[in-house]
Number of protein chains: 2
Amino acid sequence: MSDKREAKKAALRTHLLEATTQQICQKGVEEIRARDIAKHVGCAVGSLYTAFEDLDDLILHVNSQTLQKLDEALTKGRPDQASPQTCMEKLACDYLDFASTHYRLWTALFDHKWPEGKAVPQWHLDNQQKLFLQIAGPLKELLPKADQDHLLLEARTFFAAIHGIITLSLQERYAAVDKTILKQQIIKFTHLILSGLQTQEDLKP
Amino acid sequence: MSDKREAKKAALRTHLLEATTQQICQKGVEEIRARDIAKHVGCAVGSLYTAFEDLDDLILHVNSQTLQKLDEALTKGRPDQASPQTCMEKLACDYLDFASTHYRLWTALFDHKWPEGKAVPQWHLDNQQKLFLQIAGPLKELLPKADQDHLLLEARTFFAAIHGIITLSLQERYAAVDKTILKQQIIKFTHLILSGLQTQEDLKP
DNA sequence: ACAAAAATTGAACATTGTTCAATAGAAAAA
DNA sequence: TTTTTCTATTGAACAATGTTCAATTTTTGT
């Protein structure tokens, strides 16, 4: 039975992912060490390289899991039959909640630098794209005349702006902004963007 | 004469900073190596540690110079006797120009992670603060009723949003957004934020 | 039970940042 | 100028890292 082998390899991969996730949560992605992960899993360093291409590959897999968790969190929070404005506001707030609750996993998404030469695997790009699609959904109702490309562009811009604000606020090591104040800012800013988009839309022929 | 000594040390520091700047421009901040810098300067590795505390300190000095260059670029571009809206738009566009012209130096500002335990030196925090003050200037005219704290908060939010948009667009390794389109987006977004701010201001007592 | 195949191991290697005893150089004293 | 003292510079040595691969152990098929 070759099933046993596959099961073992799958278990190893799972344990490596779990240990890495746990270590990122505890110390941050910059502090991930191959020997450290191996020790936590109870295997030799070399085994890590039989389950994943290298450390970057392992971390990328953790990051992809994080993207999926984020996607689930946003999907779970999505209100039924709410106005697109309410949906967008909820998305922004849920993003903030996820970022502050899983801070180190979340920063790992952006702090981990993929080797410049290598192409990012398609399955990871797909996981990123899913995020923008979540935003493009309600946006489509607000901009019925926009085509899919333009919708995705606006979704990316919206995400980037909110992301920028959250990043700057959460990374402050000295004057950390209070989370309820930050949430109010995010909500205010979301409304601001949406009303701006709406105005532009109304002006169209 | 102890002047000769001081001059030599100052020259060494300058050369180290120049070499590091050049290497960051060429390969990015992640690729900075102590031995490599020393070889470019023509000194021993150890000398680097007599001029700067460590590699992080050296890179932080380069980053602070970059912040100063950015501040100069924004100051130089500042129009006389223009509306605050025009000023903000110009700031955002000049920021985009700086980021795309000095891409690797600019990303080093955010990619270089300062050791978690150590406090960031005050002179570097001051250089950061100067940026927000540049934005707070025109913002003060738009929000005459706001106090300095609130102005700085709004300035930070404005910066963070624009920064987020520029970061996401410039880092795209696959579908790089055309710069003129990006500039249009930035301008549109700036107007959007400003009109939103104005509306909120008008509603106040 | 045995042999072939595969998986696992961890010592070994190449590269890092950083240190520090030894050397070279500059300043002061004779 | 010569000698002595202090300082600056050097680069071999160290510890920590990611990664590899010959040797070993485990699993599979008969």
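Per chain, numbering begins at 1; letters A, B, ... match sequence-line order.
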Whole-Å gap separating P (D/dT28) and CD (A/Glu6) | 11 Å
Results of side chain to side chain contact (heavy atoms under 4.5 Å, CB included) for B/Gln184 - residues two or more places apart only = none
Selection residues 36-49 of chain A - residue pairs positive for salt bridge (Lys or Arg N to Asp or Glu O under 4.0 Å), sequence neighbours left out | A/Lys27-A/Asp36
Can you give me the N/O atom pairs linking the protein to nucleotides 5-7 of chain C at distances under 3.5 Å, or say none if there are none?
{"residue": "C/dA6", "atom": "O4'", "partner": "A/Arg5", "partner atom": "NH2", "Å": "3.3"}

Under 4.0 Å protein heavy-atom contact, by nucleotide of nucleotides 16-24 of chain C - B base, S sugar-phosphate only = SBBB-----
Residue list, side chain to side chain contact (heavy atoms under 4.5 Å, CB included) with B/Asp111, at least two apart or on another chain = A/Lys113, B/Val29, B/Glu30, B/Thr107
Pairing residues for B/Cys87 by the side chain to side chain contact (heavy atoms under 4.5 Å, CB included) criterion, not counting sequence neighbours | B/Pro79, B/Ala82, B/Pro138
Mind checking salt bridge (Lys or Arg N to Asp or Glu O under 4.0 Å) for A/Asp126 and listing every partner two or more places apart, or none if nothing turns up?
-> none
Contact under 4.0 Å: A/Ser47 side-chain N or O vs C/dT9 OP1/OP2 = yes
Pairwise salt bridge (Lys or Arg N to Asp or Glu O under 4.0 Å) hits with a residue in residues 69-88 of chain A, at least two apart = A/Asp71-A/Lys130
Grab the NZ-C1' distance between B/Lys39 and D/dT10 for me, whole Å please.
-> 15 Å
Name all residues meeting the side chain to side chain contact (heavy atoms under 4.5 Å, CB included) criterion together with A/His124; count only those two or more places apart in sequence or in a different chain, and write none if there are none.
-> A/Leu60, A/Asn63, A/Ser64, A/Leu67, A/Val120, A/Gln128
Residue list, salt bridge (Lys or Arg N to Asp or Glu O under 4.0 Å) with A/Arg13, at least two apart or on another chain | none
Please list, by residue number, the residues of residues 10-30 of chain A whose heavy atoms come closer than 4.0 Å to an atom of DNA chain D; answer none if no residue qualifies.
-> none
Atom CG of A/Asp57 and atom C1' of D/dT19: how far apart are they, to the nearest Å?
-> 14 Å
ring-ring contact (aromatic ring centres under 6.0 Å, His included) pairs, two or more places apart, involving residues 54-73 of chain B | B/Phe52-B/His61, B/His61-B/Trp123
Pair A/His191, A/Gln85: side-chain N/O donor-acceptor within cut-off below 3.5 Å | no
